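Just so it is clear, the model here is predicted, and its values are computed rather than measured.
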Amino acid sequence: MQVYPNRPLTERDTTGYVLQFYCPIRGKRIRRSCGTRDRREARSVMRECSRRLLDGSYVRSGGAITALDEQSRPTVADAAISSGPNCETDEKSWEWCYQKYRHFRTSRTKKDTFKHSRSRLGIAERIFQGYFDDRGGNGKLLVKDVMTLEMVEYLQERLLAGDECRYDSRSPNTVNSMTASVMAFVRFYAKREWIDRVPDVERLSVDDVMKGRPITGEEFDRMLAVTHKVVGKDETAAWQFALRVVWFSGFRVGDLMDFHWEDERHIRPVWPKQSGVFPTITVPSSQKNGKVQEIPMLPELDEFLSQVPEGQRTGWIVDPSPLHCQVKGVAVWFQPCRDDLRAWAKRYSNLEIAAACGVTETTVRNWLKRMKIRRSREFKVSTGSIPAEAIAEARSRSERGTGSVVTPRSQRLTKDRVGRIIALIGEEAGVVVRTEDERTSTRVKDASAHDIRRGCAQRLINAGVSAETLKVVMRHADFATTEKYYGATRSAQAAASEVRQKMTAEAPTDALVGRLVGRKEKAPELNAEELLKLKALLERL
């Protein structure tokens, strides 16, 4: 038995440490994840697994390398039952199926692709758990009880009502998206014949409209004018530069933060060396649609980037500065050091750690992610409160707490953070792209980065750019997306142009022929040969 790799991990080692050993159940050498990126913890898992192999616990548990792993998997008898064609689902818990599904998805999808699905499945689990707890359930959530048409429809209703949400309600679009993640989990379960059939769930009817609207040039100027109020005077220039790049390019926030001057692994501009060739933008396959693309650079972006001195054209094109802020509040809180947080993560849930530190559970998750602390398992039940003595000791060793000045970290801002700051700028400028409507339960929405992108598309439409060209510039994977959001505007303008051309006084009077009246004058009559040709044409039609 050995731990692989036998060295400290690098950024390329995304799977963490793994064990390599001979499995007596499968009769061959296998690899199993240690569930950690800490080398000492991985060697501790190796020693525990070695003991379990010698005393028979590994075989009796059906292949669990640790005692914690054994709690999240069925016994050997359950595994034997589940492998048969007529398996029973009575003892298969949601947690056990979720771990199987997570392992399946993370090994087959790109990094961060499964992140939103994990969050949505967690919301669904808490709603289902609350339903059965209110009705005297035994505390164990079984998949056979929730993977039914009745329960999935109940989930849709509770999601619409705003359960597990910071708002009072959710839009039907959001509910459909969250339900789709749950149904993907159900189909994974059905493919393994652990349930008889997949519930035939109907999607909620939604309005075929954009979540926001294109902002105008005047509204964009207002956002530029108030940028300093949100980010501060020192960072104003960098953030205004980022806003103008979005306005001139139509980029998404992810594209904006992946815009590089020279690195071919990222989105980058390409200026031609020969005359008669226009500048373009190359997009690698790592982007949203998974395709290698080369799109035209819009003239406004070309002119704007050309103003940057050649000596400064290195690194990231857009790199807005983080914000300085002072954390205030009536609540007393602190952030424990790495060692204390790692020790607590092994014994207590995020909820108990948050209560001890005086922060939210989301803050604890962000701490664990930033410090690269991974749990070997998730706590689904109460783990008890952290002793007051341990909290006091951790507070004395804390990194920061109430009243601390938060300074920018060395790493770059994430696309989510940049998107939130741009939304704050839109709110400060008072640019409302969607008003509140009680009939459809829609909330007020201020301008975001995507609304600036829509403004770029609207300018192209007003300039007469075709829908096919607009699809290329906006990098829509499907033409239906371009037609859905921007086709109506083009159709309305084309229809208005035709109506005005036909109905104005300057319209030609000889457009209608054959004794049909075109305004006040009669058109010339058709001769016999022309009438025969017209009759033959109508018959063919």
Q: Check the surroundings of atom CZ in Arg43: do more than 12 heavy atoms from other residues, nucleotides or ligands lie under 6.0 Å from it?
A: no
Please give me the minimum heavy-atom distance between [X] and [Y], naming the atom from each residue.
X: Met257; Y: Trp316; result: O-CZ3, 3.6 Å
X: Leu121; Y: Trp94; result: O-CZ2, 3.7 Å
X: Ala42; Y: Val3; result: O-CG2, 3.9 Å
X: Thr282; Y: Pro284; result: O-CD, 4.1 Å
X: Ala242; Y: Leu256; result: O-CD1, 3.9 Å
X: Glu202; Y: Gln156; result: O-NE2, 3.3 Å

Closer than 4.0 angstrom, basic N to acidic O: yes or no for [X] and [Y]?
X: Arg102; Y: Glu95; value: no
X: Asp255; Y: Arg475; value: yes
X: Lys415; Y: Asp258; value: no

**Q.** Derivation of the side chain to side chain contact (heavy atoms under 4.5 Å, CB included) call for Ile127 and Glu157
**A.** CA-CA 11 Å; Ile127 292 176; Glu157 295 173 359; over 6 Å; no
Ignoring hydrogens and geometry beyond distance, is a side-chain donor-acceptor pair present between [X] and [Y] at under 3.5 Å?
X: Tyr101; Y: Arg105; result: yes
X: Gln129; Y: Glu125; result: no
X: Arg47; Y: Ser50; result: no
X: Ser61; Y: Arg52; result: yes
X: Ser57; Y: Arg60; result: yes
X: Ser177; Y: Arg120; result: yes
X: Asp451; Y: Ser448; result: yes

Q) Which is it for Glu41 and Lys346 under the salt bridge (Lys or Arg N to Asp or Glu O under 4.0 Å) test, yes or no, and what are the steps along the way? A) CA-CA 11 Å; Glu41 292 182 0; Lys346 293 179 180 179; 3.4 Å; yes
Gap between atom [atom2] of [Y] and atom [atom1] of [X] - 0.5 Å precision:
X: Ile425; Y: Asp446; atom1: CD1; atom2: CG; value: 12.5 Å
X: Met371; Y: Asn366; atom1: CE; atom2: CG; value: 11.0 Å
X: Thr66; Y: Tyr58; atom1: OG1; atom2: OH; value: 11.5 Å
X: Arg197; Y: Asp200; atom1: CZ; atom2: CG; value: 7.0 Å
X: Phe259; Y: Ser249; atom1: CZ; atom2: OG; value: 6.5 Å
X: Met474; Y: Arg453; atom1: CE; atom2: CZ; value: 3.5 Å

Q. Should Ser385 and Glu352 be marked as a side chain to side chain contact (heavy atoms under 4.5 Å, CB included) after you check the CA-CA gap, both sets of side-chain angles, and the distance that decides it?
A. CA-CA 6 Å; Ser385 302; Glu352 299 299 339; 3.8 Å; yes
Check whether any side-chain heavy atom of [X] sits under 4.5 Å from a side-chain heavy atom of [Y], and report yes or no.
X: Tyr17; Y: Met46; answer: no
X: Arg395; Y: Val332; answer: yes
X: Ser93; Y: Leu141; answer: no
X: Cys357; Y: Pro336; answer: yes
X: Ile391; Y: Phe334; answer: yes
X: Thr179; Y: Ser181; answer: no
X: Ile421; Y: Arg417; answer: yes
X: Ile123; Y: Leu159; answer: yes

Q) Just checking, Arg192 and Phe104: is the charged tip under 6.0 Å from the six-membered ring centre and within 45° of the axis? A) yes
Q) Please walk me through it: do Leu53 and Tyr22 pass side chain to side chain contact (heavy atoms under 4.5 Å, CB included)? A) CA-CA 10 Å; Leu53 284 169; Tyr22 179 83; over 6 Å; no
(Q) As a quick check of understanding, evaluate side chain to side chain contact (heavy atoms under 4.5 Å, CB included) for Val152 and Met183, giving each step before the final call. (A) CA-CA 9 Å; Val152 177; Met183 294 308 298; 4.1 Å; yes
Q) Can you check whether Tyr98 and Tyr189 have ring centres sitting under 6.0 Å from each other? A) no
Q: Sequence neighbours left out, what passes side-chain contact (heavy atoms from CB on, under 4.5 Å) with Val473? Give chain and number order.
A: Pro296, Leu298, Leu460, Thr469
